[in-house]
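Just below is one structure, and these are the notes that go with it.
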Amino acid sequence: MQIHNEEGAEHSTVLMLHVYDGVLRFYSGQAVEGNIYDRWFRLNVVHDVDRSTVAVYIDGQKRFATSVTPSWSYYFKFGVYMQHHDWSPCMESRWTNVTVYTKP
């Protein structure tokens, strides 16, 4: 899952969640949630554009937060992407009840 920026922006993403060795991580760094394989979990991501912050919640618990590059052109993306390391011939993700809320 990622928060991506429109083309031409200084930074193409401010958040990417990757899974390495069964651990959900912020890019390839800080652990967000362990033992993520073979289970359903609720992922909530709050991108506060006014404050330039992002927070990640797993099953209702805040697991990660960071400041991000200010921009008004970010959008959410999710799916399965080939990773630079720790790749597998079987990559799968399942999503249900996806809702995007925006504040005017």
Which atoms form the tightest heavy-atom contact between [X] and [Y], and what is the distance?
| X | Y | value |
| --- | --- | --- |
| L43 | L17 | CD1-CD1, 4.0 Å |
| Q30 | F64 | OE1-CE1, 3.4 Å |
| G34 | R39 | O-NH2, 3.6 Å |

Requested in this report: Hey, can you tell me if W95 and F78 have their rings parallel, tilted or perpendicular (30° and 60° cut-offs)?
Outcome: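 It falls in the tilted class, 30° to 60°.
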Check whether [X] and [Y] end up in the same hydrophobic cluster, where Ile, Leu, Val, Met, Phe, Trp and Tyr are linked by side-chain heavy atoms less than 4.5 Å apart.
| X | Y | result |
| --- | --- | --- |
| Y57 | L24 | no |
| V98 | V45 | yes |
| V54 | I58 | yes |

Query raised in the report: When you measure from the side chain of D59 to the backbone N and O of R42, does any donor-acceptor pair fall under 3.5 Å?
Result: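 Checked: pair present.
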Any side-chain heavy-atom pair from [X] and [Y] closer than 4.5 angstrom?
| X | Y | answer |
| --- | --- | --- |
| Y37 | V19 | yes |
| S52 | P70 | yes |
| R51 | V49 | no |

Query raised in the report: Among side-chain atoms of T13 and Y74, is any donor-acceptor pair under 3.5 angstrom?
Result: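 Side chains of T13 and Y74: no pair found under 3.5 Å.
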Report task. Would you please test H47 and F76 for side-chain contact (heavy atoms from CB on, under 4.5 Å) and show each step? Result -> CA-CA 10 Å; H47 181 200; F76 288 90; 4.3 Å; yes
**Report entry** Qualifying residue, where the test is side-chain contact (heavy atoms from CB on, under 4.5 Å) with V56 and the options are T66, V46, V32, N44
**Finding:**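 It is V32, the one option of T66, V46, V32, N44 that forms the side-chain contact (heavy atoms from CB on, under 4.5 Å) with V56.
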Report task. To the nearest 0.5 angstrom, please state how far the OG atom of S93 sits from the CD1 atom of I36. Result -> 12.0 Å
Query - CE-OH distance between M16 and Y27, expressed to the nearest 0.5 angstrom - result: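 Separation between the atoms: 6.5 Å.
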**Report entry** Qualifying residue for side-chain hydrogen bond (donor to acceptor under 3.5 Å, both in side chains) with E33, from R63, Q61, R25
**Finding:** R63
